[in-house]
There are 2 protein chains.
Amino acid sequence: MARACQLMQQSLARALAHLDIKPPHLDILVNLFRFEGISQQELARKLLVGRSNMSMLLPQMEKRELIERRGDKQDKRVLRLYLTEEGRRVTEEAMTIQTALIDRMLSDAPIEECQAITVHMERVVSLLLQEEREPLEPAGDQ
Amino acid sequence: MARACQLMQQSLARALAHLDIKPPHLDILVNLFRFEGISQQELARKLLVGRSNMSMLLPQMEKRELIERRGDKQDKRVLRLYLTEEGRRVTEEAMTIQTALIDRMLSDAPIEECQAITVHMERVVSLLLQEEREPLEPAGDQ
DNA sequence: CCAATAATGTTCAACTATGAACAATAAAGT
DNA sequence: ACTTTATTGTTCATAGTTGAACATTATTGG
């Protein structure tokens, strides 16, 4: 199953090649599409990657004029992220490609099953994130 | 969903830390456990990674005496892979840990659903692998 | 107001995985 | 037999990701 994810990433990468973006870029674009104006930190948290990763990718996307980074006026530490018109266009096209790929993969899976899987996966994610924060401390017992 | 896989890998990595092995090593061990005597090439194909990756990991595991590499007598190119006693011991312990993790994740998912998911994932894998080999050639039509 | 603590983003060294180029061996075509 | 083509494993340069250390700015506590 991990292998399936791995292969889908590779396949997605190939399908996205002609737009000159890769899966990590798409992840960023999609999240900005839905949550415009978030900070780099918030974005990194949603994507489950390190802040440093954002510091590598975002400036490069800014140079390609897919996104824009504007400093927050109330907190001079944070940079808020916005899509440019070009960025929005590319995002929509890329999402179309991604959706087509996913549909093709799940074409012979019942709809309810997909939803059930999604629900479980989200539960798994929150479960693991929670565990990450409580390494090994029962705290009250013993 | 890709994120869930990512997190499970991280969680598995932490759970495996005290054995001083990482998920890629476990993948190798489990496959040797089930298919003892396969070549590096076959192993790489099963794991969906490059041959070069095997060339990096396997010698290091050989030095730690988890595996053994013996040259095939009929084909002097291939190195056949075997688990040592120590390797078998570690593999069993690591599989226990992995199984426990997976069970914990899917504890509230119905059994049939898990099986259904597995079936679909395997189909997805074979579908994508097939596509990889036929990049863009309808060949007979048009 | 000032010190201490925390949060954001950047930089850098380390690690992993990859694909291309290569040497050795095998298989196929002549 | 000999040349050509394919396969196996290795090496190396490259790209992507991470965590730690850092500078800057906020927040908290005295």
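Keep in mind it's a predicted model, so treat the numbers as computed, not measured. Letters A, B, ... mirror the listed sequences (proteins, then strands); counts begin at 1.
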(request) Indicate yes or no: does B:Glu85 engage B:Arg88 in a salt bridge with an N to O separation below 4.0 Å. (result) yes
(request) Grab the CG-P distance between B:Leu47 and D:dG9 for me, whole Å please. (result) 14 Å
(request) Ignoring hydrogens and angles, tell me if any N or O in the side chain of B:Arg80 forms a donor-acceptor pair with the backbone of B:Gly37 under 3.5 Å. (result) yes
(message) Test of understanding: with side-chain contact (heavy atoms from CB on, under 4.5 Å), list the residues that count as partners of A:Phe35, not counting sequence neighbours.
(response) A:Asn31, A:Ile38, A:Lys46
(message) Protein within reach of the bases, or only the backbone? For nucleotides 13-20 of chain D, mark each nucleotide 5' to 3' as B, S or -, using heavy atoms under 4.0 Å.
(response) ---SBBB-
(message) I'd like to know if A:Ile102 and B:Val124 are part of one continuous hydrophobic network [Ile/Leu/Val/Met/Phe/Trp/Tyr, side-chain heavy atoms within less than 4.5 Å].
(response) yes
(message) Heavy atoms within less than 4.0 Å of DNA chain C: which residues of residues 64-84 of chain A have one? Give them sorted by number.
(response) A:Arg69, A:Arg77, A:Val78, A:Leu79
(request) Can you see which heavy atom on A:Val78 is nearest to which on A:Ser39, and at what distance? (result) CB-CB, 4.4 Å
(message) Salt bridge or not between B:Arg45 and B:Glu42? Use side-chain N to carboxylate O under 4.0 Å.
(response) no
(message) The test is side chain to side chain contact (heavy atoms under 4.5 Å, CB included); show your working for B:Leu19 and B:Ile97 and say whether it passes.
(response) CA-CA 10 Å; B:Leu19 288 176; B:Ile97 294 175; 4.2 Å; yes
(request) Shoot me the first and last contacting nucleotide of DNA chain C against chain B, ordered 5' to 3', at under 4.0 angstrom to non-hydrogen atoms. (result) C:dT16 to C:dA26
(request) Can you sort out which residues in residues 29-42 of chain B have a heavy atom within less than 4.0 Å of DNA chain D? Ascending by number, please. (result) B:Ser39, B:Gln40, B:Gln41
(request) Using side chain to side chain contact (heavy atoms under 4.5 Å, CB included) as the criterion, point out the one residue from A:Leu57, A:Leu32, A:Thr84 that pairs with A:Ile67. (result) A:Leu32
(message) Would you say that A:Ile21 contacts A:Arg64 through its side chain, given a criterion of any heavy-atom pair below 4.5 Å between the two side chains?
(response) yes
(request) Would you please name every residue forming a side-chain contact (heavy atoms from CB on, under 4.5 Å) with B:Leu101, sequence neighbours left out? (result) B:Ser11, B:Leu12, B:Arg104, B:Met105
(message) Keeping B:Gln6 on the side-chain end and A:Leu48 on the backbone end, is there a donor-acceptor pair under 3.5 Å?
(response) yes
(message) Are A:Leu83 and A:Met54 connected into the same hydrophobic cluster when the rule is that any two of I, L, V, M, F, W, Y join if their side-chain heavy atoms are below 4.5 Å apart?
(response) yes
